[in-house]
Each structure stands twice: as structure tokens, then as C-alpha cells.
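Just the heavy atoms: all of them, side chains too, but no hydrogens, waters or symmetry mates, feed the values below.
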Amino acid sequence: MDFDILAQNIRFLLKKNKWSEDELVKRSGVGKSTIQLYKSKKSKNPTVDKLTKIANAFKVSSDDLKNKNLSISMSISQKENISQNVHKFPKMSISKSNLSPSKPLNAPNLKKSHDSILINIKDDTVYVPFFKDGAVSAGFGSQDFGNDCDFLPFKKQDLRLMFGAHSTAHIGVIPCIGNSMQPTIEEGELIVFQCDGSQNEGAIYVIRFEGELFVKRLKKRPLQLVSDNKDYEPIEPQADQELEIIGRVIGSYSINSKRF
């Protein structure tokens with residue numbers, strides 16, 4: 001068992017449910033000192049009985065407590081609870097980036113126009129979690145995104161055409177700040193990422209490093225988090241530093257609008 005993941009998920013579920021430790025003690029029947037040990041990663045032998053009680057209190061499974069992508073998975077599952085009484089969406093002019101690592105960064109086809117996509121709310125609509133209050137850093141790091149999110153409706157076909165998403169599972173959207181990934185990703189664009197479990201050399205990932213989120217290219221030998229903007233030095237994680245790959249970036253887009 002990865003005790004870092006267990007501690008992270010307990011903290012996430014407490015925050016999501018807006019519970020204090022005392023509330024979890026009351027609902028689970030597990031002692032406060034035990035919960036504090038699990039949260040702080042100091043306990044190396046959590047019992048099945050206590051983990052089951054904690055999971056039941058949160059209304060999740062014991063396996064969920066060990067899932068490194070729990071926060072993303074739970075956000076995505078919330079789409080099933082969205083009311084079908086959805087407002088009509090206006091036409092949007094969307095430009096997108098194909099971020100395949102096999103293509104040159106300055107290739108003319110890096111950014112293509114996708115004219116006047118009209119989003120219709122139908123059975124083939126996918127609700128993608130949008131972490132609007134957070135940001136993936138494309139600079140020197142930003143605070144980790146919160147667990148509250150909105151949902152953006154996409155047609156499955158549009159996700160395939162725009163970002164090459166053959167599966168619509170575990171996809172999220174988050175805004176980007178900073179310019180370290182220019183010219184591939186511009187500051188202010190919306191990053192589309194997918195938790196696919198990959199660790200591909202040269203691909204772009206959303207990465208949690210030392211409690212902050214970054215969007216960087218992954219270099220494995222030696223391990224580095226690399227910016228496309230050459231003004232930024234690579235980040236070289238050390239063995240004692242925490243690093244977690246959140247998801248692979250499959251594209252980015254910007255919405256251009258005018259208000260009169």
C-alpha cells in the first residue's frame with residue numbers, strides 16, 4: 001500500500017465533505033489519534049477493519065482510499081448528478097492545439113481553427129470536469145487545484161476530432177497560467193488532460209510536484225520536467241521529493257469572445 005496516497009485521499013475526502021477530524025471520528029468509530037497517523041503518513045500498518053470503517057464513513061470503498069486518482073475520478077463521476085435542465089450554449093469560436101510530441105513545436109498545423117462548434121445537449125454529450133478555481137502552472141508553479149469544479153459539455157465526436165481522445169474516461173480541463181510552455185501552450189488557454197496511466201518520454205503532463213501543479217514535458221533519463229520555452233531551466237526532481245503524474249495533456253484551446 002502507498003501510504004502517501006492513503007494520507008492524500010483521507011485529506012481530500014475530509015475537505016470534500018467539509019468534515020473535521022472529530023466528525024470523521026464520530027462517523028467512523030475510529031480513534032482520532034489513528035486518523036491523525038493515517039493523515040500524516042506515519043502509520044505503516046493500517047488495519048483492514050479501520051480502513052473499512054473510514055471508507056464506509058466517506059461512502060467509498062477501501063480500494064478507493066488507495067486510488068491515486070481518487071480526486072479526479074470522483075469529480076468525473078459527479079456528472080451523473082447534473083440536472084438535465086441545461087441552458088442553451090452559444091456558438092463558440094475555438095482554436096485548439098494538437099500536442100502530439102512527435103510533431104515539431106513550430107509546425108504550421110500546431111494550431112488549427114475549429115469554426116463555430118455548436119454544443120447540443122444530447123445523449124452523446126460528455127460532461128468534463130472543469131477546475132476553474134485552480135490552475136496548472138506553466139511557469140514556476142501554482143497552488144494545487146481545489147476539489148470543487150464545474151462541468152463543460154462536449155460531444156464525444158468533438159473530443160475525438162479536437163484532441164484525439166478515443167476514450168472519454170478520466171478527462172479534465174484546467175486553465176493554464178505562465179508562459180513556460182510557449183509556443184505550444186499559450187498563457188490563459190484551457191488545458192485538456194487525461195488520466196491514462198502513461199509515462200511517455202517527451203509527452204506533456206499535468207504533474208504535482210512538492211504540492212504544486214505544473215504542466216511540463218517528461219524526460220526520463222535523467223528525470224526532468226522540461227519547459228518548451230527555453231528561458232526556463234528544467235526542473236530536476238530529487239529522490240526525496242514528492243512527484244505525481246496527474247494526467248497526460250491531450251490538447252489545449254482558447255475561447256475568444258467579445259462583450260459590448
All salt bridge (charged side-chain N to carboxylate O under 4.0 Å, His left out) counterparts of Lys50, not counting sequence neighbours: none
For a 4.5 angstrom cut-off between non-hydrogen side-chain atoms, does Tyr232 reach Asn179? yes
So which atom in Tyr205 and which in Ile245 form the shortest heavy-atom distance, rounded to 0.1 Å? CD2-CG2, 3.5 Å
Taking all non-hydrogen atoms of both residues, which atom of Ala165 and which atom of Ile171 are closest, and how far apart? CB-CD1, 4.0 Å
Straight-line distance of Phe193 CZ to Ile250 CD1, nearest 0.5 Å: 10.0 Å
Set of residues satisfying side-chain contact (heavy atoms from CB on, under 4.5 Å) with respect to Asn56, sequence neighbours excluded: Thr52
Spatial distance of atom CG (Asn9) from atom NZ (Lys16) [nearest 0.5 Å]: 12.5 Å
Please report the shortest heavy-atom distance between Ile10 and Phe58, naming the atom on each side. O-CZ, 4.3 Å
Looking at residues at least two apart in the chain, or sitting in another chain, which of them share a salt bridge (charged side-chain N to carboxylate O under 4.0 Å, His left out) with Glu21? Lys39
Just verifying a value: how many Å separate Lys53 NZ and Ile35 CD1, rounded to the nearest 0.5 Å? 11.0 Å
So Asp196 and His170, do their side chains get closer than 4.5 Å, heavy atoms only? no
Ignoring hydrogens and geometry, is there a side-chain-to-backbone donor-acceptor pair from Glu201 to Lys220 under 3.5 Å? yes
For residues Met181 and Val226: do they belong to one hydrophobic cluster (side chain heavy atoms under 4.5 Å, members Ile, Leu, Val, Met, Phe, Trp, Tyr)? no
Using the test side-chain contact (heavy atoms from CB on, under 4.5 Å), find all partners of Asp22 that sit at least two apart in sequence or belong to another chain. Ser20, Lys32
Hits for side-chain contact (heavy atoms from CB on, under 4.5 Å) against Asp63, two or more places apart or cross-chain, chain-then-number order -> Ser61, Lys66
Rounded distance (nearest 0.5 Å) linking atom CD of Gln238 with atom CG of Leu223: 9.0 Å
Quick one, Leu51 with Leu6, criterion side-chain contact (heavy atoms from CB on, under 4.5 Å). Give me CA distance, side-chain angles, the key distance, then yes/no. CA-CA 10 Å; Leu51 286 181; Leu6 174 62; 3.9 Å; yes
Is the shortest side-chain heavy-atom distance between Ile54 and Tyr38 below 4.5 Å? yes
Sorted by chain and residue number, the side chain to side chain donor-acceptor pair (under 3.5 Å) partners of Glu23 (sequence neighbours excluded) come out as Arg27
Rounded to the nearest 0.5 angstrom, the NZ-CG distance for Lys26 and Leu24 is 12.5 Å
Do Gln8 and Arg208 have side chains that get closer than 4.5 Å, going by heavy atoms? yes
N/O donor-acceptor pair under 3.5 Å between Asp64 side chain and Ala55 backbone: no
Can you name the nearest heavy-atom pair linking Lys216 to Ser180, along with the distance? NZ-OG, 2.9 Å
Would you please name every residue forming a side chain to side chain donor-acceptor pair (under 3.5 Å) with Asn229, sequence neighbours left out? none
Are the side chains of Val206 and Val249 in contact, using a 4.5 Å heavy-atom criterion? yes
Counting distance only, does the side-chain N/O of Gln194 pair as donor-acceptor with the main-chain N or O of Ala169 below 3.5 Å? yes
Atom CD1 in Ile235, atom NZ in Lys219: separation rounded to 0.5 Å? 14.0 Å
Heavy atoms of other groups near Lys59 NZ, more than 12 under 6.0 Å: no
For a 4.5 angstrom cut-off between non-hydrogen side-chain atoms, does Leu225 reach Pro237? yes
Taking all non-hydrogen atoms of both residues into account, name the closest pair between Ile185 and Cys176 and its distance. CG2-SG, 4.2 Å
Parallel, tilted or perpendicular: which describes the rings of Tyr253 and Phe163, with under 30° parallel and over 60° perpendicular? tilted
I need the minimum non-hydrogen distance between Val25 and Gly31, along with the two atoms involved. CG2-C, 4.1 Å
Only counting residues at least two apart or in another chain, list the ones meeting side-chain contact (heavy atoms from CB on, under 4.5 Å) with Glu233. none
Main-chain N/O of Asn200 paired to Ser198 side chain as donor or acceptor, under 3.5 Å: no
Under the side chain to side chain donor-acceptor pair (under 3.5 Å) rule, collect the residues that match up with Glu236, sequence neighbours excluded. Gln224
Within the 4.5 Å heavy-atom criterion, are Val192 and Met162 side-chain neighbours or not? no
